[in-house]
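Only one structure is covered here, and it is reproduced in the block below.
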Amino acid sequence: MTTTNGKYNPPDIEPKWQRFWHEHNVFAAEDVSDKPKLYVLDMFPYPSGAGLHVGHPEGYTATDIVCRYKRMCGYNVLHPMGWDAFGLPAEQYAVETGTHPSITTRKNIDNFRRQIKALGFSYDWSREVNTTDPGYYRWTQWIFLQLYRKGLAYLDEVPVNWCPALGTVLANEEVIEGRSERGGHPVVRRPMKQWMLRITEYAERLLQDLDDLDWSEGIKEMQRNWIGKSTGANVDFQVLGLSAVIQVYTTRPDTLFGATYMVLAPEHPLVDAVTSDAQRSAVEAYKEAAEKKSDMDRAELNTEKTGVFTGATAINPVNREAIPVWISDYVMMGYGTGAIMAVPAHDSRDFAFACTFDLPIRAILEPSTADADAEGVTASDVVAGTVCWPGDGTLIHSANDDGLDINGLSVAAAKHATITWLEARELGAAATNYKLRDWLFSRQRYWGEPFPVVHMDNGDIILLDETELPLELPEIDDFKPTGTGESPLAKAGDWLAYTHPVTGETGRRETHTMPQWAGSCWYYLRFVDPVNDQQAWAPEKERYWMPVDLYVGGAEHAVLHLLYARFWHKVLYDLGLVSTTEPFARLVNQGMILGISFKDATGALVPTDQVEERDGAFVHRDTGAAVAEFPAKMSKSLRNVVNPDDVIAEYGADSFRLYEMFMGPLEAVKPWNTKGVEGVRRFLQRAWRMIIAADGTVTSDLTEQPPDTGLLRILHVTIRKVTADLDSLNFNTAISQLMIFVNAFTKADSRNREAIEIFVKLLAPLAPHIAEELWQRLGHTGGISYEPWPTYDEALTRETEVEILVQVRGKPKARILMAPDATPEEMERIALGEEKVREAIADCAVRKVVCVPGRLVNIVI
RNA sequence: GCCCGGGUGGCGGAAUGGCAGACGCAACGGACUUAAAAUCCGUUGACCGCAAGGUCGUGAGGGUUCGAGUCCCUCCCCGGGUACCA
């Protein structure tokens, strides 16, 4: 359906080429190939009811450009797309309307697929996966069996993050400042029997292997912080008059001589045993109050220290001193041993607690004068214990008569000496701790993978056989959470009943489901072999395609998805099921795209639909008050969300793609500006008119006449720059260079055909529809997707003459044309011969001449 | 508080230690048009000057260098992450 119309009209050409790519299966990856492989992956989306957002296609466009470019360079490219479709919104919609989540999900996926296809991305759609498809989650359940058999999945009664509003428990990673990550509902601690995954067993490897990944340092650092490795010592404190021993974890064993009291977490198992009768009622009351506090309360109250004395006294192992034992919720059961030695002189939390309860403060560390000055304190105040000094210094008052003397040592040396002493007397030992906790892996939801687990009537827990998978979700009518912490699946009637096929014993199926992260933990593996119904993936395909060479997605998954997927991958590696220790060799995070927003003089946000432009200024439509424009995260409430469908309808998919890439660096946060889309649309129109005449045929300006040296240089510079920029993902500057090409070539009366065809190839990865159409109109058949990528001649990128700046004392004085390869001596001679330069030097003596070939001459006088 | 990013024209942004502001948007002037849109040509960091030209200028202040947006130190502001983690 080639139109003879000479106008650049995206609605004519974009659907045409999308159909062509689909019908000719142009982007199918080859499972067996002599070509080098490249696996480029986007973080697959959750198909929400709101549809695609301009943020999604940003990363998708970037990866699509890389894929199209690399195919032209001869790579066998795997570029798949799928749906992370289990999740709460579809289930909440089901609760409200009774619509089954699978129906909502299918509808949303269809919409997402339509929107994504309208952007012309070169996905291999034959590999599409959907985490809610039983043919997919069968293998998610299968991986769970592998985890269980390896001892990495277990049931535990643990205090969990219970979110009453959502009716489910949440992982630590899903709780932000005491509220649910999704929806911002309050979360409380509550003990419940839950499935856990032993991610802590992999903490060290998850930390170590970060070093070799080509990820942004920021994301790696966030994972390191989340894993939170620290080293120190476990130290035993004998409780006076009891056989009990309280073990503490400290990163500062050097400060043992400064310990003036101890604190147990309120939930610590020894609290009841050590509490004296006199203190028992106070301790009980405090424990009860602490239990009721949500994490949010604990976080908010973090400056106000509370606590109760237990009545117990413990013996400091280094100086045999008796110190009181307290309980306080500033010590948490989940980290270290749930008990601390308090060194108020050198720990700000302990200092605050000691001040509140008037406990002794003993300094055992003297900072250098310089360090103290830098912090605005004096060493004498530190030594007197009137200010807290958590930093470095020299040990004082730290010796006993049993062979330990660390006075005069630095912190590092004192730590080492103390640990050696403790170990020799079996009073303690070096220890390592991680903040990372085991992963809470069950949810009380309907719309998730059922666990392939049965609770037998005799109390045993058995796993389904692999042949019994998939265990499909039962059909139910009522999706409401029970509110008791039981899953909606508890209402699934017959589905719950299980009879063992061999023994005939009966049991009840697990009613919890897996969290949304489960399906996304391994989808990149399914893409290598998406329709295999015998195996999750064939080993030879995994060996060929893995690892993912480039993974692009939002930074919001920095710790959640990316840490979980790495964990599963390492388990699969240990089981011999995958060939690489890491799944994602290179990770790039695209920056958020912000919407244009407005605020009034008071700083209050004004929804975009209440703002209008009057005399070049933005005012509130009703009040006429001036409002200020600023970029903010797109949100329904601000009505500043840009819908890709609208942009494509008005400007076309190529303009949309080009604009998103032209806005700025991929990783930067950037504000959307629709005027900018018009700019790139104009560029495409100019490129079109450079090639196509008004009647729709190739313009007669296109000739076989060789380009002049200026244009030839621009051609070769453009090939070089676009190639380098696509390799480094600097799409914005690649587009600039293509604009420079068009600006130069449109001005020429005669345009060399070969040069123009090279330009079309360079444009193809970025704006594929217009490139295909131009390529066809230039007389080629079969599409541009696998045309060889152009190469450049370095010699032709050089100018015959360059303008050399001559500076005198760093001030520009003259610009002189010279040969680019002029030697420094020649440059100096020419520069000193220039009259303006001689004037500037006047009769001063030339002290030094700096010559940078091809750049400048700086004369120092 | 701590850990990462980042501060460059009216705006988005560009710049291996070597002429700051490429490319685009917006604005202004001009051509074409009965007119407008579209398109094309030109101007556009600030200040001084009739001009030639000059002075200032990459968040602030210091430093290194013949030369700093770029490297080093101190500080301020913005964005993100994280936080009684002992």
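Worth saying up front: this structure is predicted, and the values here are computed from it rather than measured. Sequence lines set the chain letters: A, B, ... in the order given, protein chains first and strands last, and positions in each chain run from 1. Every heavy atom of this structure was used, including side-chain atoms; hydrogens, water molecules and symmetry mates were not.
Annotation: side chain to side chain donor-acceptor pair (under 3.5 Å) contacts involving residues 801-814 of chain A, sequence neighbours excluded, are absent. For residues 672-681 of chain A, no residue pair satisfies the salt bridge (charged side-chain N to carboxylate O under 4.0 Å, His left out) rule, not counting sequence neighbours. Within the structure, the side chain to side chain donor-acceptor pair (under 3.5 Å) test picks out the following pairs touching residues 736-745 of chain A (sequence neighbours left out): A/Arg686-A/Asn743, A/Thr718-A/Gln737. Sorted by first and then second residue, the pairs that involve residues 337-348 of chain A and meet side chain to side chain donor-acceptor pair (under 3.5 Å), not counting sequence neighbours, are A/Asp347-A/Arg349.
Relative to the side chain of A/Tyr330, the nucleotides B/A14, B/C66, B/C84 differ in distance, and B/C84 lies closest. Distances were taken from every side-chain heavy atom of A/Met663 (C-beta onward) to each of B/U39, B/A86, B/G12; the shortest belongs to B/G12.
Considering only residues two or more places apart in sequence or on other chains, A/Asp749 meets the salt bridge (Lys or Arg N to Asp or Glu O under 4.0 Å) condition with none of them. Partners of A/Lys435 according to the salt bridge (Lys or Arg N to Asp or Glu O under 4.0 Å) rule, which considers only residues two or more places apart in sequence or in another chain, do not exist here. With sequence neighbours excluded, no residue forms a salt bridge (Lys or Arg N to Asp or Glu O under 4.0 Å) with A/Asp654. Shown here are the salt bridge (Lys or Arg N to Asp or Glu O under 4.0 Å) partners of A/Glu58, two or more places apart in sequence or in another chain: A/Lys670. The ring pair (Phe, Tyr, Trp, His ring centres under 6.0 Å) check on A/Phe662 picks up nothing, with sequence neighbours excluded.
In this structure, the OH atom of A/Tyr434 is 13 Å from the P atom of B/A86, given to the nearest Å. In this structure, A/Leu587 places its CG atom 18 Å from P of B/C4, rounding to the nearest Å. Between A/Arg809 atom CZ and B/U65 atom C1' there is a gap of 16 Å when expressed in whole angstrom units. When rounded to the nearest whole Å, the span between OH of A/Tyr261 and P of B/A86 equals 16 Å. Taking atom CD on A/Glu217 and atom C1' on B/G6, their separation rounds to 17 Å, with Å as the unit. Summarising the geometry, the separation between CH2 on A/Trp672 and P on B/G13 is reported as 14 Å, rounded to the nearest angstrom. Per the geometry, CG belonging to A/Asp347 stands 18 Å off P belonging to B/A83, to the nearest Å. Between the CG atom of A/Asp725 and the P atom of B/G13 there is a distance of 17 Å, rounded to whole Å.
Helical stems in RNA chain B, defined as runs of 3 or more consecutive Watson-Crick or G-U wobble pairs with donor-acceptor distances under 3.5 Å: B:1-7 with B:76-82, B:10-12 with B:23-25, B:27-31 with B:39-43, B:45-48 with B:53-56, B:59-63 with B:71-75.
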Run A/Phe759 and A/Arg751 through side-chain contact (heavy atoms from CB on, under 4.5 Å) and show every step you take.
CA-CA 11 Å; A/Phe759 166 81; A/Arg751 308 196 255 286; over 6 Å; no
Apply salt bridge (Lys or Arg N to Asp or Glu O under 4.0 Å) to the pair A/Glu834 and A/Arg815, showing each step before the final yes or no.
CA-CA 10 Å; A/Glu834 177 74 21; A/Arg815 290 168 180 82; over 6 Å; no
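Counting any heavy atom pair closer than 4.0 Å across all strands shown, A/Ser328 reaches no nucleic acid atom.
Annotated as syn: B/G9, whose glycosidic dihedral is within 90° of 0.
B/C28 and B/G79 are spaced 33 Å apart, taking the P atom of each and rounding to whole Å. The P atoms of B/A37 and B/A26 are separated by 13 Å, rounded to the nearest whole Å. A distance of about 13 Å separates the C1' atoms of B/A20 and B/C56, rounded to the whole Å. Here, B/G17 and B/G10 have their P atoms 27 Å apart, quoted to the whole Å. Between the C1' atoms of B/U64 and B/C72, the separation comes to 7 Å (whole Å). Comparing the same atom, C1', in B/G54 and in B/A15 gives a spacing of 25 Å after rounding to whole Å. Spacing of C1' atoms, B/A35 relative to B/C23, comes out at 33 Å, to the nearest Å. A distance of about 49 Å separates the C1' atoms of B/G29 and B/C73, rounded to the whole Å.
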Produce a footprint string for nucleotides 16-28 of chain B: one letter per nucleotide, 5' end first; B if the base is under 4.0 Å from any protein heavy atom, S if only the sugar-phosphate is, - if neither.
B-BB--BBSSS--
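Summary of the strand contacts: A/Lys813 and A/Tyr659 both lie near RNA chain B, and taking for each the nucleotide with the nearest heavy atom, the more 5' one is attributed to A/Tyr659.
Side-chain contact, A/Asp438 with A/Thr200: a donor N or O sits under 3.5 Å from an acceptor N or O.
One finds no side-chain N or O of A/Lys670 lying less than 4.0 angstrom from the OP1 or OP2 phosphate oxygen of B/G12. Between A/Tyr335 and B/A86 there is a side-chain N or O to OP1 or OP2 distance below 4.0 Å.
For the atom pair CG (A/Asp350) and OH (A/Tyr330), the distance works out to 3.5 Å, reported to the nearest 0.5 Å.
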Report, one pair per line, the protein and nucleotides 79-81 of chain B atoms (nitrogen or oxygen only) whose separation is under 3.5 Å.
none

